[in-house]
Asks: 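Got a structure for you, written out below as structure tokens; questions coming shortly.
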There are 4 protein chains.
Amino acid sequence: MRSIEYSQKDILIFNGVINLIKGGANPYLITVSEIAASAGVGKGTIYDYFESKEEVIKKAILFNFNNEIDYFYKKIATKKGFKEKYYEIFNSIVENLQNKFSTVNILMTLGKLPEFHISEKQDSCEFNKHILRIQAIIDDLLVSGYKEGIIKKIESQYYQNMVIKSSLFSFTNYMSMQMIYKETSVKEAMDAAYKIVIKSLN
Amino acid sequence: MRSIEYSQKDILIFNGVINLIKGGANPYLITVSEIAASAGVGKGTIYDYFESKEEVIKKAILFNFNNEIDYFYKKIATKKGFKEKYYEIFNSIVENLQNKFSTVNILMTLGKLPEFHISEKQDSCEFNKHILRIQAIIDDLLVSGYKEGIIKKIESQYYQNMVIKSSLFSFTNYMSMQMIYKETSVKEAMDAAYKIVIKSLN
Amino acid sequence: MRSIEYSQKDILIFNGVINLIKGGANPYLITVSEIAASAGVGKGTIYDYFESKEEVIKKAILFNFNNEIDYFYKKIATKKGFKEKYYEIFNSIVENLQNKFSTVNILMTLGKLPEFHISEKQDSCEFNKHILRIQAIIDDLLVSGYKEGIIKKIESQYYQNMVIKSSLFSFTNYMSMQMIYKETSVKEAMDAAYKIVIKSLN
Amino acid sequence: MRSIEYSQKDILIFNGVINLIKGGANPYLITVSEIAASAGVGKGTIYDYFESKEEVIKKAILFNFNNEIDYFYKKIATKKGFKEKYYEIFNSIVENLQNKFSTVNILMTLGKLPEFHISEKQDSCEFNKHILRIQAIIDDLLVSGYKEGIIKKIESQYYQNMVIKSSLFSFTNYMSMQMIYKETSVKEAMDAAYKIVIKSLN
DNA sequence: AATGAATGAGCATTCATTCAT
DNA sequence: GATGAATGAATGCTCATTCAT
């Protein structure tokens with residue numbers, strides 16, 4: 001099932017990268033020295049485990065993406081009702097957006113990250129897996145809504161999907177641009193995003 | 001009224017940058033030599049007009065942003081009804097998304113671009129102007145919808161705004177991720193996005 | 001007699017260079033733009049009158065040297081007695097040393113300046129002329145001293161010459177290193193330098 | 001006691017610089033590539049040990065200065081009498097002046113070298129140390145002369161100092177300008193310089 | 001296995017020089 | 001004549017990568 005297994009050292013290095021990015025570093029401007037220092041290993045060690053700087057950063061980002069989706073998935077699974085799950089997502093977004101680099105940012109820019117030159121087959125495959133996992137979260141949500149009668153499943157799969165994504169986009173956009181939405185509280189933004197789902201799916 | 005006037009040469013250089021980015025180049029990896037070659041000027045000339053590589057790229061991006069919003073604005077203004085305007089936006093998105101780098105991408109990631117280290121007052125101010133212009137487009141749209149009775153203005157300003165942005169996000173997301181939405185046609189994606197607006201604002 | 005005639009424009013440009021150097025600029029780090037700005041001419045104009053930046057700076061320095069020696073010579077000629085002439089030199093040194101770049105500095109480092117790559121015949125010839133003019137000043141001084149019986153001309157020409165140069169060196173060294181001779185006044189330094197001459201030539 | 005310790009690599013690089021300068025290179029025109037080649041290291045290595053090209057050159061010059069003064073000091077200390085010491089200095093000057101860049105040149109232009117932008121506290125302090133060491137040499141000389149009765153210590157400290165410096169200047173000037181003193185032999189120049197001291201201090 | 005000193009290719013930037021106006 | 005916009009060769013400096021230890 002697990003397509004990629006990483007060694008302890010791999011993960012140590014990934015965390016070096018992730019911490020830099022979470023600390024505000026621009027992935028394109030990170031140096032190998034910084035990664036080595038952040039990971040607490042020698043520069044040479046990085047090249048014992050990876051082919052190039054690009055590979056390290058790319059894999060670290062995907063690794064982190066994976067982990068955050070796992071975490072996201074589990075958190076949502078703890079909640080039972082549609083609305084509870086939905087607001088749990090909002091809370092995760094709030095929590096997550098403290099980091100400059102978060103799954104949420106990725107969910108939002110869905111498909112933007114691969115700009116980090118995802119070209120090789122391996123990467124592309126990895127990326128598809130992420131999409132599927134996000135899809136699973138959305139599907140889980142839709143199922144809940146359907147069961148509870150909140151959603152009347154008369155719409156197309158695509159439409160339902162997009163409603164969820166759009167709604168989440170609205171909240172993420174609020175969070176990341178809070179400075180231009182000074183008159184709206186977090187609670188109001190959550191409610192607005194939720195209202196979009198409810199109205200759009202009825 | 002115009003806060004910044006650029007010389008012919010400035011614009012020539014901007015276009016060099018813009019063409020590189022539209023051709024798929026990553027703004028962070030562009031070299032001065034590439035800009036010079038793309039603009040058809042000597043490397044030194046760039047430094048006669050700008051302080052640093054960063055300045056050139058940053059200003060070129062903002063310049064292009066400005067121009068595309070102008071173009072967008074004018075195209076939408078030619079249409080009369082709410083639905084016509086809305087579908088004109090969809091068309092502009094389609095047209096625009098051929099470019100890797102488009103206003104639409106920016107609309108979508110609203111607030112993401114400043115990652116190119118927009119920190120100085122000047123830049124920050126420029127950025128605010130862009131936000132206001134996008135807001136003007138959305139307001140114009142809302143006014144049309146209201147006049148035609150498509151929108152019952154009982155919702156908050158924030159909510160209405162977010163509905164529009166979310167709906168547009170859904171279509172932009174479709175366009176930029178077409179590879180994962182193979183079973184949905186462009187027409188269907190437009191209709192779905194439009195349906196989100198209609199349902200959410202009623 | 002005059003081996004080199006300079007045009008008004010030549011001199012204008014020379015003064016641009018001289019002013020920069022007197023203002024503390026390092027001859028090796030001066031740019032053509034700076035010279036042009038300082039001289040109040042266009043950069044291209046400089047190349048209408050000279051072959052290269054090096055030529056401009058080299059000739060400007062020699063030109064200034066020439067002028068300052070003229071000035072020096074005339075000032076000393078106004079005084080009659082040996083001691084008066086000698087103290088007039090001291091005064092000129094004081095006056096001159098305000099400038100970072102002065103004949104005095106050159107007198108002191110006699111033979112050091114040509115480091116500015118004096119290699120061509122022309123330059124070398126020019127340089128010899130300067131040496132001869134300095135020699136003339138020293139000879140004039142010696143003649144006065146002899147006439148007044150202050151100097152008993154029993155020493156070799158070389159020795160007499162060196163005594164004068166050494167004595168002047170001592171005062172110039174005092175002036176340019178005043179910060180390390182805080183306990184000695186200008187007057188005392190002059191008197192010390194004069195005493196060296198008197199004692200050495202008797 | 002030692003205020004600055006340099007690593008082997010530091011010194012390797014310093015020697016690269018020193019050899020270039022001794023070979024006639026102008027400190028202001030030396031390139032990093034030249035230093036690297038001369039030191040037999042990669043260009044990057046230089047930046048592992050120093051902040052900038054300027055720093056390397058400045059420190060190399062001071063380092064060399066230090067070493068040469070050490071050498072000078074030791075050579076003179078081997079001689080016993082005043083006259084022997086004095087002529088030993090002459091010999092060192094002769095030996096030294098083969099180099100374009102020598103302690104002697106510095107002794108002569110005492111205070112001129114800092115033109116290489118010695119501004120920071122560290123540099124200024126370093127420079128003061130050099131002055132003190134030169135002073136120590138002169139003092140040692142004066143003590144010998146006094147003990148032997150060659151000098152009657154009735155003159156001021158400043159005067160005695162300047163006599164020595166002036167006398168040494170005369171010989172250094174002779175050496176560096178030998179081309180204009182063709183009729184005077186090295187021996188005669190030494191004797192003349194010595195005579196200046198003897199006469200001035202009696 | 002792990003390191004970090006060493007390297008040099010690569011890039012931003014400067015500036016002497018040219019030349020169209 | 002005079003100019004200064006334009007150029008690109010030259011150079012300081014960085015940093016991914018290697019390799020001796």
Side-chain angles (χ1 to χ4, degrees), chain A residues 7-10 12-13 28-37 39-57, chain B residues 7-10 12-13 28-37 39-57, chain C residues 7-10 12-13 28-37 39-57, chain D residues 7-10 12-13 28-37 39-57:
Chain A
S7 72
Q8 297 276 164
K9 212 32 100 43
D10 286 333
L12 185 66
I13 294 168
Y28 286 105
L29 305 180
I30 289 175
T31 68
V32 175
S33 294
E34 284 167 346
I35 296 173
V41 300
K43 247 185 310 171
T45 305
I46 290 169
Y47 287 88
D48 289 339
Y49 292 85
F50 301 93
E51 294 286 313
S52 69
K53 183 183 77 157
E54 273 231 319
E55 189 196 334
V56 183
I57 296 176
Chain B
S7 71
Q8 299 271 168
K9 205 41 87 55
D10 285 334
L12 183 68
I13 294 169
Y28 286 105
L29 306 180
I30 290 175
T31 67
V32 175
S33 293
E34 283 167 350
I35 296 172
V41 300
K43 236 177 331 157
T45 304
I46 290 169
Y47 288 90
D48 287 341
Y49 293 85
F50 301 94
E51 295 284 314
S52 68
K53 185 183 74 156
E54 272 230 320
E55 190 197 334
V56 183
I57 296 177
Chain C
S7 73
Q8 298 276 166
K9 212 32 102 41
D10 285 333
L12 184 66
I13 294 168
Y28 287 104
L29 305 180
I30 289 175
T31 68
V32 175
S33 295
E34 284 166 348
I35 296 172
V41 301
K43 246 187 307 171
T45 305
I46 289 169
Y47 287 88
D48 289 341
Y49 292 85
F50 301 93
E51 294 286 314
S52 69
K53 184 183 77 158
E54 273 230 320
E55 190 197 334
V56 183
I57 296 176
Chain D
S7 73
Q8 300 272 168
K9 205 44 85 57
D10 286 333
L12 184 67
I13 294 168
Y28 286 105
L29 304 180
I30 289 175
T31 69
V32 175
S33 294
E34 284 167 349
I35 295 172
V41 301
K43 233 172 342 150
T45 305
I46 289 169
Y47 288 90
D48 288 341
Y49 293 86
F50 302 93
E51 295 285 314
S52 67
K53 185 183 75 157
E54 272 232 320
E55 189 196 334
V56 184
I57 296 176

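Quick caveat, the model's predicted, so the values are computed rather than measured. Excluded from the calculations below are hydrogen atoms, water molecules and symmetry mates; all remaining heavy atoms, backbone and side chain alike, are included. Below, chains carry the letters A, B, ... as their sequence lines are ordered, and counting in each starts from 1.
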Asks: What integer distance in Å separates B:Glu34:CD from E:dA12:P?
Replies: 8 Å
Asks: Once you round it to whole Å, what is the distance between P of E:dT17 and CD of C:Glu51?
Replies: 10 Å
Asks: Kindly say whether D:Ile30 contributes a backbone atom to a donor-acceptor pair with the side chain of D:Lys53 at under 3.5 angstrom?
Replies: yes
Asks: With a 3.5 Å limit on both atom pairs, tell me what E:dA1 is paired to, counting Watson-Crick and G-U wobble, or say none.
Replies: none
Asks: Could you tell me which non-hydrogen atom of B:Ser33 sits nearest to which non-hydrogen atom of B:Lys43, and how far apart they are?
Replies: OG-CD, 3.5 Å
Asks: Write out a two-atom table: protein N or O, nucleotide N or O from nucleotides 1-3 of chain F, distance below 3.5 Å.
Replies:
unit_1	atom_1	unit_2	atom_2	d
F:dA2	OP1	C:Lys9	NZ	2.5
F:dA2	OP2	C:Tyr49	OH	2.5
F:dT3	OP2	C:Gly42	N	3.0
F:dT3	OP2	C:Thr45	OG1	2.5

Asks: How long is the span from the CD1 atom in D:Ile46 to the CD atom in D:Glu55, to the nearest 0.5 Å?
Replies: 11.5 Å
Asks: Which one, E:dT17, E:dA12, F:dT17, comes nearest to the side chain of C:Ser52?
Replies: E:dT17
Asks: With both distances under 3.5 angstrom, what nucleotide forms a Watson-Crick or G-U wobble pair with E:dT21?
Replies: F:dA2
Asks: A:Tyr47 has an atom OH; how far is it from atom P of F:dC15, in whole Å?
Replies: 12 Å
Asks: Nearest to the D:Lys53 side chain among E:dT14, F:dC13, F:dT17, which nucleotide is it?
Replies: F:dC13
Asks: Report which part of the nucleic acid C:Val32 touches: base, sugar-phosphate, or nothing (heavy-atom distance under 4.0 Å, all strands).
Replies: base
Asks: Does the side chain of C:Ile57 come within less than 4.5 Å of C:Tyr28's, by heavy atoms?
Replies: no
Asks: So do B:Tyr49 and B:Val56 actually touch side chain to side chain, heavy atoms under 4.5 Å?
Replies: no
Asks: Please classify the nucleic acid contact of C:Ile35 as base, sugar-phosphate, or nothing, using heavy-atom distances under 4.0 Å.
Replies: nothing
Asks: Starting from the C-alpha separation in whole Å, work towards a yes-or-no answer on side-chain hydrogen bond (donor to acceptor under 3.5 Å, both in side chains) for D:Thr45 and D:Asp48.
Replies: CA-CA 5 Å; D:Thr45 305; D:Asp48 288 341; 4.8 Å; no
Asks: Let me confirm one number: the CD1-CZ distance from D:Ile35 to D:Phe50, rounded to the nearest 0.5 Å.
Replies: 9.5 Å
Asks: When the distance from CD of A:Glu55 to P of F:dA16 is rounded to whole Å, what number comes out?
Replies: 15 Å
Asks: Return the value, rounded to whole Å, for the distance between atom CG of D:Asp10 and atom C1' of E:dA5.
Replies: 13 Å
Asks: Roughly, in whole Å, what's the span from CG in C:Leu29 to P in E:dT14?
Replies: 15 Å
Asks: Tell me: OH of D:Tyr28 to P of F:dA10, nearest whole Å?
Replies: 24 Å
Asks: Would you mind pulling out the nucleotide paired to E:dA16, Watson-Crick or G-U wobble, both distances under 3.5 Å?
Replies: F:dT7
